Amino acid sequence: MISHPVIWAFRTSATCWRHRAVLKAALKASDSGGLRWFSTHAAGGGTGMEEILARVVAPLPTYETREKSPPPPESNSLEFMHFYRGLEKEDKQSFLSKLSQDFGVDHGSVSEFAGKLLDTQLRDLTTILQVEDRLRYSLTPRYKQLLNHISRVEGGVKFLVDLRADVLEIISSKSSENPHIRDLNVTLKSLLSEWFSVGLLRLERITWQSPCEILQKISQYEAVHPVRNWTDLKRRVGPYRRCYAFTHAAMPGEPLVVLHVALTEDISDNIQTIVREFATLDFEEDINKINAAIFYSISSTQAGLQGVELGNYLIKRVVRELQSEFPHMAQFSSLSPIPGFSTWLQGLLSQYRKEGRGSDLLSEQEWREVEQATDSGPGTPSMDALRKLIGTSEWMRSERLSCVLEPVLMRLCAWYLYGEKRRGYALNPVANFHLQNGATMWRLNWQADTSPRGVANSCGIMVNYRYFLNETSKNSSLYLQNKVITASEHVLGLVSQFQKNSKL
């Protein structure tokens, strides 16, 4: 039986029926599991792309027939998917540029209805609303209908998630100046946000009895604290641990966002006690030792779902699950990394050095201690020595250096999290995520992650974002509407120290 890719290749190449060599090549391509041959033969140039787009992207129905027009054949969606998958990376960019530019919004129609709307402002409300509705419909990109129909075929939603990942990569790399690509991204994000609304997501607890394929993906997708081996993974889904994931019916067996939780007596201040605690592997849980839930890793697995709110809903759902399982539990907190702190700090030190303001960053006593610990002179030499120290992990091995740097780095980190902003919101993306959820910036933890990655990213410091359940709604509103960060006295005290020592 000839596979669908071969039949499709025949249908879209007029010479296939006349040349047996083409038949052999197509069969070979099918046997190898792809359409690489056909995409190179028929789609390598702009003409092939234009032909297939003209064939599979149906015209937008008129306003009057929008509810009555029959859907395009499913083969259009399948043909588009097969064609796109067979393209090289550079050709995909050209293909998406043509799709977004030549099959987007009809700007002439938009201008026409915009003019009509202005002309009807003195008419009755019914007429105005009707013209507004026509204008709204005219703003629909022609390709949106194709995207909707792709979502209805098997594997279509996953295809569109991956397609948006390609679009985001094009935008972030600035490899295309085509503004229509951004419109395509907006359309895809809007559709995916509808399809992946929280009511359509399923919460699954991952255990050692879960399918092997799921466990392998949980390991593969872990972005915060990499899983070292199967024993490590077994511990992370075993006693005193919980692992939850959101899944979607249109992407079976594919976790969308994964949350790892540690069940502890108190709020943890060190990640190594969680991810390297072998004693929990074969023990039964003692409910009397479970008083707190620590969210120590949350990973979004699909690049194409960037900007689609999933993680915040997952935490809220997991809190309800844990409350149901452990009614006495009242402490919920993250133990979060602080990506970007070291980079920001190096930039700050460079700026102060350039401006000759090194003395403003540390107290006189602290600079003397740095000079003694690094055997450097005052002024620029001690500033350079400090920068070099922070750029390596060598200082972690010296108790003296650690004691010297602890108060300095802790208050600098507190300011980075609390005071550094982008458009009024926390600059640090992890802080921004938890603050949007209504968490309190609760505690900074010294030497909380002594792994090479933790030291390089944040000088080993981690932070707890505490979820006080009766305050999260209020905190979230304060942050989102008024850009106010709710923080503990501990954090505010460190911020105050930074402002005092840095003469802010």
Side-chain angles (χ1 to χ4, degrees), residues 33-34 81 84-85 89 92 154-169 172-173 192 195-196 201-262 271-272 274-278 280-281 294-315 317-318 321 334-337 339 429-430 433 449 451-454 456-457 462:
M81 293 165 65
Y84 183 80
R85 284 169 174 157
K89 184 176 180 179
K92 285 182 177 179
E154 185 176 355
V157 171
K158 172 62 174 169
F159 172 84
L160 292 175
V161 170
D162 294 339
L163 181 75
R164 182 167 182 254
D166 292 343
V167 171
L168 289 171
E169 184 179 355
S172 64
S173 66
L192 292 171
W195 300 333
F196 288 89
L201 300 176
R202 179 185 175 192
L203 179 68
E204 291 190 25
R205 179 182 167 190
I206 310 300
T207 70
W208 191 241
Q209 284 68 47
S210 296
C212 183
E213 295 79 7
I214 292 289
L215 289 169
Q216 189 169 3
K217 288 180 178 178
I218 293 295
S219 173
Q220 172 189 340
Y221 289 141
E222 173 53 35
V224 184
H225 306 291
V227 177
R228 294 180 295 279
N229 49 47
W230 281 103
T231 302
D232 187 14
L233 179 61
K234 184 176 183 180
R235 186 172 60 255
R236 296 194 193 194
V237 297
Y240 296 103
R241 301 291 181 267
R242 295 292 185 271
C243 178
Y244 296 94
F246 266 152
T247 60
H248 192 282
M251 293 173 58
E254 191 73 48
L256 305 176
V257 58
V258 181
L259 178 65
H260 288 272
V261 186
I271 192 62
Q272 270 72 44
I274 292 177
V275 298
R276 294 182 182 174
E277 182 54 73
F278 289 92
T280 64
L281 191 58
I294 309 301
F295 312 126
Y296 67 92
S297 173
I298 184 165
S299 299
S300 179
T301 68
Q302 308 293 319
L305 292 179
Q306 178 183 319
V308 177
E309 296 294 342
L310 295 176
N312 56 345
Y313 294 119
L314 179 57
I315 287 180
R317 287 282 300 276
V318 167
E321 286 289 313
S334 77
L335 180 58
S336 300
V430 179
F433 170 79
D449 184 359
S451 68
R453 183 178 183 179
N457 284 342
M462 299 187 77

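Because the structure is a prediction, the values reported are computed rather than measured.
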**Request:** Could you grab the distance from atom CD of Glu154 to atom CE of Met81, nearest 0.5 Å is fine?
**Result:** 9.0 Å

**Request:** Could you give me the CA-CA distance, side-chain angles and deciding distance for Lys89 and Glu169, then say whether salt bridge (Lys or Arg N to Asp or Glu O under 4.0 Å) is met?
**Result:** CA-CA 11 Å; Lys89 184 176 180 179; Glu169 184 179 355; 2.8 Å; yes

**Prompt:** Between Ala245 and Leu314, which heavy-atom pair has the shortest distance, and what is it?
**Reply:** C-CD1, 4.5 Å

**Asked** Measuring from Asp166:CG to Lys92:NZ, what's the distance to the nearest 0.5 Å?
**Response** 5.0 Å

**Prompt:** Can you list the residues that meet the side chain to side chain donor-acceptor pair (under 3.5 Å) rule with Asn457, with sequence neighbours excluded?
**Reply:** none

**Request:** List the steps, then state whether side-chain contact (heavy atoms from CB on, under 4.5 Å) holds for Gln302 with Lys158.
**Result:** CA-CA 9 Å; Gln302 308 293 319; Lys158 172 62 174 169; 2.7 Å; yes

**Fill in**
Heavy atoms of Gly155 and Arg85 approach each other most closely as O-NH2, 4.2 Å

**Message:** Taking Arg241's backbone N and O only, do any of them form a donor-acceptor pair with Arg235's side chain (distance below 3.5 Å, no angle check)?
**Reply:** no

**Message:** Before you tell me yes or no, could you show the steps for Trp195 and Met251 under side-chain contact (heavy atoms from CB on, under 4.5 Å), namely the whole-Å CA-CA distance, both residues' side-chain angles and the distance that decides it to 0.1 Å?
**Reply:** CA-CA 11 Å; Trp195 300 333; Met251 293 173 58; over 6 Å; no

**Request:** For residues Pro337 and Asp449, determine if any side-chain heavy atom of one lies less than 4.5 Å from a side-chain heavy atom of the other.
**Result:** no

**Approximate separation, where rounding is to 0.5 Å, of Ile214 CD1 and Thr207 OG1** = 11.0 Å

**Item:** Distance, nearest 0.5 Å, that separates CG of Leu201 from CG of Leu256
**Value:** 6.5 Å

**Prompt:** At their closest point, which heavy atom of Arg236 faces which heavy atom of Val275, and how far apart are they?
**Reply:** NH2-CB, 4.1 Å

**Pair Phe159 and Tyr84, ring centroids less than 6.0 Å apart** = yes

**Request:** Check Ile206 against Leu215 and note the closest heavy-atom contact, atom names and distance.
**Result:** CG2-CD2, 3.8 Å

**Message:** Once side-chain contact (heavy atoms from CB on, under 4.5 Å) is applied, do any residues pair with Thr301, and if so which ones, sequence neighbours excluded?
**Reply:** Tyr221, Val258

**Prompt:** Between Ser299 and Ala223, is there a donor-acceptor pair closer than 3.5 Å when you use the side chain of the first and the backbone of the second?
**Reply:** yes

**Request:** To the nearest 0.5 Å, tell me how far Glu321 CD sits from Leu203 CG.
**Result:** 5.0 Å

**Side-chain donor/acceptor of Glu222 to backbone N/O of Val224, under 3.5 Å** = yes

**Request:** Taking all heavy atoms of Arg205 and all of Ser210, pick out the closest pair and write down the distance.
**Result:** O-OG, 4.0 Å

**Prompt:** Given side chains that start at C-beta, do those of Ile274 and Ile271 come closer than 4.5 Å, heavy atoms only?
**Reply:** yes

**Item:** Closest non-hydrogen atom pair between Val430 and Ser336, with its separation
**Value:** CG1-CB, 3.8 Å

**Asked** Does some side-chain heavy atom of Arg317 sit less than 4.5 Å from a side-chain heavy atom of Phe246?
**Response** yes

**Request:** Check whether more than 12 heavy atoms from other residues, nucleotides or ligands sit under 6.0 Å from atom CD of Gln216, and answer yes or no.
**Result:** no

**Request:** May I ask you to test the Ser451-His225 pair for a side-chain heavy-atom distance under 4.5 Å?
**Result:** no

**Request:** Give the C-alpha distance, both sets of side-chain angles, the deciding distance and a yes or no for side-chain contact (heavy atoms from CB on, under 4.5 Å) between Ser300 and Gln306.
**Result:** CA-CA 8 Å; Ser300 179; Gln306 178 183 319; over 6 Å; no

**Prompt:** Does some side-chain heavy atom of Val257 sit less than 4.5 Å from a side-chain heavy atom of Phe196?
**Reply:** no

**Message:** Please determine whether side-chain contact (heavy atoms from CB on, under 4.5 Å) holds for the pair Leu163 and Leu160, giving the CA-CA distance in whole Å, both sets of side-chain angles, and the decisive distance to 0.1 Å.
**Reply:** CA-CA 5 Å; Leu163 181 75; Leu160 292 175; 4.0 Å; yes

**Asked** Can you tell me how far CD1 of Ile298 sits from NE2 of His260, rounded to the nearest 0.5 angstrom?
**Response** 10.0 Å

